[in-house]
Amino acid sequence: MARRTFDRMTMKPELAALISSALEQLVLQGTLADMPDAPLQIDHPKDPAHGDLSCNVAMVIAKRAGLSPRDLAQQVIAALPSNNLVARSDIAGPGFINFFINSERHTEVISTILSALSTFGHVDIGQGRKVQVEFVSANPTGPLHVGHGRGAAIGDSLGRLLEATGWAVQREFYYNDAGQQIQNLALSVQARAMGKCPEDADWPDDGYQGSYIEDVAKAFTSQETVQAADREITASGDITDLNAIKDFAVACLRREQDQDLRAFAVSFDEYFLESSLYDSGAVDETVSKLVQSGHTFEEENALWLRTSSFGDDKDRVMRKSEGGYTYFVPDVAYHLNKWQRGFKRVINEQGADHHSTITRVRAGLQGLDAGIPEGWPEYVLHQMVTVMRDGAEVKLSKRAGSYVTLKDLIDWVGCDATRYFLVARSPTSQLTFDIDLALARSNENPVYYIQYAHARAASIRRKASAALGDDAETAGLDHLKCLIEPEALTLAITLGRFPEVVATAAERLEPHDVANYLRQAASDFHTFYNAHHILEAQPAVMKARLALVAASQQVIANGLNLLGVSAPESM
RNA sequence: GCGGAAUUAGCUCAGCUGGAUAGAGCGUCGGUCUACGAAACCGAAGGUCGCAGGUUCGACUCCUGCAUUCCGCGCCA
């Protein structure tokens with residue numbers, strides 16, 4: 001039912017139906033023994049000479065039919081029912097059937113866009129089902145770095161894509177606020193508060209060295225008050241009270257991370273604290289369930305989980321000989337909690353350096369015998385980011401010391417460019433972030449290239465509306481058959497592909513598809529703009545072109561929105 | 001050593017889950033503003049898709065080896 005919104009917006013299913021009935025016809029005639037079992041494959045050819053859509057069915061079934069692909073293709077074409085979609089069809093190459101679509105069918109999408117507006121591209125695949133996207137999930141032990149930025153850009157964009165495809169999305173940030181690293185944080189702040197430096201002999205092992213630790217220490221000793229997402233803490237100033245330092249430091253860094261994320265236009269529905277799993281007893285409960293299920297054993301004073309019976313290469317310690325749990329135990333408890341909250345679908349976006357945790361967490365969940373499917377949860381892993389400037393790698397940040405922060409990037413190149421660059425490449429590729437390119441205000445820079453297309457469209461429409469009033473675009477919908485130039489038709493075809501791009505990007509969990517599409521859409525728009533004057537054409541043509549411009553602006557805005565990048569009216 | 005990811009034009013990267021002559025952008029070279037925004041457009045040059053086999057009508061895509069790079073491999077998180 002909901003699928004039909006999608007179907008109406010693309011011509012593929014319509015063409016598939018025509019070909020299917022042609023094949024049925026051939027079966028009735030006895031030319032074919034039966035219908036092909038695989039679904040028909042219909043593609044957009046790269047070469048315009050190969051038509052608008054093409055189908056390979058003749059090559060696929062030729063052998064079984066005992067005919068040459070080209071002969072079979074000829075028969076398929078002859079058996080095609082009459083319709084208003086296909087203007088012409090050809091046989092090409094080894095047996096492709098190429099279809100040329102009636103140009104009115106290409107431009108009718110303009111009406112669809114101008115009535116759907118910001119919902120054009122939405123496709124109801126999820127049908128309101130719940131999905132959780134967990135991303136960023138940085139430890140509150142320091143500022144967010146560029147890797148977190150990549151996770152934030154990808155995760156948030158995934159959320160937007162899933163929303164656009166009909167899912168009820170919940171965005172969650174998991175705070176590891178209970179482990180050894182938090183202890184190190186508190187010790188580092190304490191050391192700073194006592195006037196020590198990382199160079200000193202008695203500086204804590206594995207202490208954090210960035211200058212932000214000094215800031216936290218100063219704030220603590222001067223008894224400042226910090227407002228983090230869900231709590232307010234005033235520092236006692238007592239530098240012997242390690243727990244007080246810990247709570248205060250965590251609050252400080254959470255606040256800083258929250259501010260960075262806000263500057264990055266990323267927000268969350270839920271901040272889930274690891275410590276709450278200890279407080280509620282969920283961790284102990286998880287452990288005893290695993291023990292009951294018989295998937296654990298004791299050895300050398302420690303409790304182990306047989307992760308190797310769930311695909312891990314060796315078994316893993318759950319409870320250390322000194323009594324504490326290893327980090328993946330609360331992770332399992334956390335994911336059980338997600339399952340119990342009713343998320344039949346969960347997507348975790350993380351850095352690829354955490355790859356090894358996947359097997360462990362899934363193994364723990366299987367060991368619970370809680371009816372959780374084997375491949376749950378899903379993971380999207382992104383590879384490392386390196387930052388280049390003036391041809392050299394940038395490694396240090398003033399504030400964090402050892403890594404470039406997300407805030408550094410936003411300060412250098414702005415939120416839009418940062419988000420675009422971090423989301424525009426496949427998560428599986430290592431990413432080189434070129435500061436000089438991101439700063440360029442020219443066609444070197446894809447962000448500005450796309451935004452410029454949007455601003456240009458807005459500018460023409462402002463001029464048109466001042467000269468002609470606001471209804472010229474609507475009137476243009478009655479004259480769409482005036483759009484006959486190849487540049488106009490190419491643009492309209494590209495605009496019409498948008499819902500398919502959104503659906504595919506959401507299904508494959510690959511937001512960079514949208515970035516690539518936008519570059520194509522912007523390019524087609526610029527080409528059309530340069531080839532044909534809009535405001536000086538004959539009235540009917542002018543109005544039709546204005547409608548096309550309005551539709552282009554809308555689609556580019558919708559696409560940029562999926563990436564969390566702004567769509568400026570002027571630049 | 002084991003596991004994961006990557007390898008495509010000088011550079012940065014796509015390649016729609018197996019389709020036609022492998023594509024963009026940048027860079028290089030050459031054109032286009034007395035008209036709606038030149039932050040743009042048009043054209044040219046540029047390739048052994050890391051290497052070797054295999055699967056089939058058809059392979060950058062799938063399978064098996066090999067090479068190189070990155071990331072993991074703790075009773076750290």
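Quick caveat, the model's predicted, so the values are computed rather than measured. Lettering follows sequence order; numbering is per chain, from 1.
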Quick one: is the NZ or CZ of A/R88 closer than 6.0 Å to the six-membered ring centre of A/F100, and within 45° of its axis? yes
Name the closest nucleotide to the A/N530 side chain, picking from B/A35, B/A14, B/C41. B/C41
Options B/A5, B/G19, B/G37, nucleotide nearest the side-chain atoms of A/Q383: B/A5
Please report the distance separating the C1' of B/C16 from the corresponding atom of B/C11, rounded so that it comes out in whole Å. 25 Å
Whole angstrom value for the distance that separates P of B/U32 from NE2 of A/H532: 20 Å
Distance, rounded to the nearest Å, where A/Y174 contributes OH and B/A77 contributes C1': 10 Å
Treating A/S157 as the side-chain partner and A/L562 as the backbone partner, does any N or O pair qualify as donor plus acceptor under 3.5 Å? yes
Looking at CG of A/D52 and NE2 of A/H44, how far apart are the two atoms once the value is rounded to the nearest 0.5 Å? 9.5 Å
The nucleotide from B/C2, B/C41, B/C75 with an atom nearest the side chain of A/Y449 is B/C41
A/R545 with A/E536: basic N within carboxylate O range, under 4.0 Å: no
In whole Å, measure the gap between the P atoms of B/C71 and B/G54 for me. 36 Å
Ignoring the backbone of A/S426, work out which of B/C13, B/A14, B/A24 is nearest its side chain. B/A14
Distance check: side-chain N/O of A/Q41 vs OP1/OP2 of B/G19, anything under 4.0 Å? yes
A/P94 or A/E569: which one's nearest nucleotide on RNA chain B is closer to the 5' end? A/P94
Roughly how many Å is it from OH in A/Y420 to C1' in B/C13, rounded to a whole number? 11 Å
Quick one: which of B/C75, B/A14, B/G19 gets closest to the side chain of A/H512? B/A14
If only side-chain N and O atoms of A/K463 are considered, is one of them under 4.0 Å from the OP1 or OP2 phosphate oxygen of B/G37? yes
Span that lies between the C1' atom of B/G27 and that of B/C13, in whole angstrom: 14 Å
Which part of the nucleic acid does A/Y529 contact within heavy-atom distance under 4.0 Å: base, sugar-phosphate only, or nothing? base
Roughly, in whole Å, what's the span from CG in A/D353 to P in B/C71? 10 Å
Measure the distance between the ring centre of A/H50 and the centre of the six-membered base ring of B/A20, then answer whether it is under 5.5 Å with planes under 30°. yes
Decide yes or no, distance alone: a donor-acceptor N/O pair under 3.5 angstrom between the base of B/A39 and the side-chain of A/Y448. no
Find the distance A/R316:CZ to B/C76:P and express it as a whole number of Å. 13 Å
Answer yes or no as to whether B/A20 has its base stacked against A/F96, where stacking requires a ring-centre separation under 5.5 angstrom and planes under 30 degrees apart. yes
Starting at CD of A/Q180 and ending at C1' of B/C75, how long is that distance when rounded to a whole Å? 12 Å
Any side-chain donor paired with an acceptor under 3.5 Å for A/N516 and A/Q520? no
Write down the distance separating the C1' atoms in B/U12 and B/A67, rounded off to the nearest Å. 24 Å
Under the 3.5 Å rule, do the base of B/C41 and the side chain of A/T527 count as making a donor-acceptor pair? no
Donor + acceptor pair across side chains of A/H335, A/N348 (<3.5 Å): yes
Of the options B/A77, B/C13, B/C36, whose atoms approach the side-chain atoms of A/S429 most closely? B/C13
Select from A/N139 and A/A455 the residue whose nearest nucleotide in RNA chain B is closer to the 5' end of that strand. A/A455
Of the listed nucleotides (B/A77, B/A5, B/A20), which one gets closest to any side-chain atom of A/T428? B/A5
Per A/E536 side chain, nearest of listed nucleotides B/A35, B/A20, B/A5: B/A35
So, does the side chain of A/H526 form a donor-acceptor pair with the base of B/C41 at under 3.5 Å? no
Side-chain N or O of A/R70 closer than 4.0 Å to phosphate OP1/OP2 of B/C57: no
Between the main-chain N or O of A/A455 and the side-chain N or O of A/S459, is there a donor-acceptor pair closer than 3.5 Å? no
Nearest to side-chain heavy atoms of A/M384, which nucleotide of B/C2, B/G15, B/C71: B/C71
Please examine the side chains of A/H454 and A/Y452, heavy atoms only from C-beta on, and report whether any two atoms are closer than 4.5 Å. no
Using a cut-off of less than 4.0 Å, is there contact between a side-chain N or O of A/S459 and OP1 or OP2 of B/G37? yes
Sub-6.0 Å ring centroid separation between A/F173 and A/F272: no
In dot-bracket form, 5' to 3', how is RNA chain B paired? Count Watson-Crick and G-U wobble pairs only if both distances fall under 3.5 Å, and write | where the partner sits on another strand. (((((((..((((.....[...)))).(((((.......))))).....(((((..]....))))))))))))....
Its glycosidic angle compared against 90° from 0, B/C33 adopts the form syn
Out of B/C75, B/G19, B/C41, which has the shortest distance to the side chain of A/A302? B/C75
Examine distances only and state if a side-chain atom of A/D436 and a backbone atom of A/D390 form a donor-acceptor pair shorter than 3.5 Å. yes
